[in-house]
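Working notes, structure below.
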Amino acid sequence: MAEPQAEKASIQVIERMMSLLDVLADMPEPASLKVLAKNTGLHPSTAHRILAVMTSAAIVERHDAGTYALGIRLLELGNLVKSRINIRQIALPYMQQLHELVGEAVNLGIRHEDEIIYVERTSSGRSLVRVVYLVGGRAPLHLTSVGKLFLAADAAADVRAYARRTGLPGKTPHSLTRLEALEKELDKIRRHEVAFDNEEAEIGLRCIAAPVLDDEGQMVAGLSVSAPSDRHNADWAKAIKLTASEISRALGYPSPARR
């Protein structure tokens, strides 16, 4: 059945509106009608008509100089969406895909003061070696791959303050209990944007983690894969980083083309 002309025209208007929004989003400064028409491929009169409707809805603002910018209504809608975001719900489908790929437990952790709290997990069902990687489980930041990601995002003074507050207690012979060793590890994490836990929280358990960022580029969670040491594979790092990036984009972090 042929698409009704009115419906087809409506869809076309929406597509043109979205193209205008995309161009405005890429513009650091308010843009003129001429620039917007050129960059969208729209006729100036068509662009002007659509912009007038968008302006009346506060989706776009028209300045005295005849230039256009994104409007306050988008900020209101964006804040509303952000307030309704549930990181666990958004992350879980991506976590399950990663779990199917690597066949091991995938964890999502958030920071609470000086600890990591694990808020979601896919179970591998193949090992009883699990202590801190249970949903609701907590662990000091410096003992886990996810926690070290958060510390790596901190300023040097904040890392030193953390070390003073906690005393950097260890749980295994592999734990980083000296500030100098921790700082060296955090520097490596900053360079590679991935963190490793080499039996530092629990003997026989190793872990790889990558950061999850929100729409402002702030780290809000860490995604990790944990496995018994004899099944650990450092090559998982690439897939973990990719999955963490996909979750970040779902949370509003811009794709490379938008940054």
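When each of Thr122, Thr243, Leu101 is checked for a side chain to side chain contact (heavy atoms under 4.5 Å, CB included) with Val106, only Thr122 meets the rule. Partner Leu108 forms a side chain to side chain contact (heavy atoms under 4.5 Å, CB included) with one of Val146, Ile117, Val119 and no other, that one being Val119.
Residue pairs that meet the salt bridge (charged side-chain N to carboxylate O under 4.0 Å, His left out) test with at least one member in residues 34-49, sequence neighbours left out, do not exist here.
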From CA spacing to verdict: side chain to side chain contact (heavy atoms under 4.5 Å, CB included), Tyr68, His48: CA-CA 10 Å; Tyr68 297 86; His48 185 267; 3.8 Å; yes
Step-by-step side chain to side chain contact (heavy atoms under 4.5 Å, CB included) determination, Ile72 to Glu61: CA-CA 8 Å; Ile72 193 68; Glu61 290 180 354; 4.2 Å; yes
From CA spacing to verdict: side chain to side chain donor-acceptor pair (under 3.5 Å), Thr172, His174: CA-CA 5 Å; Thr172 79; His174 305 286; 5.3 Å; no
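To the nearest 0.5 Å, the span separating CD on Glu200 from CG on Leu143 amounts to 7.5 Å. The distance from the OG atom of Ser175 to the CD atom of Glu199 is 10.5 Å, given to the nearest 0.5 Å. Expressed to the nearest 0.5 Å, how far CD1 of Ile240 lies from CD of Glu193 amounts to 14.0 Å. How far CG of Leu151 is from NZ of Lys148: 9.5 Å, rounded to the nearest 0.5 Å.
A distance-only check finds a donor-acceptor pair linking the side chain of Ser248 to the backbone of Leu213 [under 3.5 Å]. Side-chain atoms of His63 do not come within 3.5 Å of backbone N or O of Ala65 as any donor-acceptor pair. Of the possible donor and acceptor atoms, one in the side chain of Arg111 sits under 3.5 Å from a partner among the backbone N and O of Glu113.
Atom NE2 of His192 has more than 12 heavy atoms from other residues, nucleotides or ligands within 6.0 Å.
Looking at Asp197 and Thr144, their side chains never bring a donor and an acceptor atom within 3.5 Å of each other.
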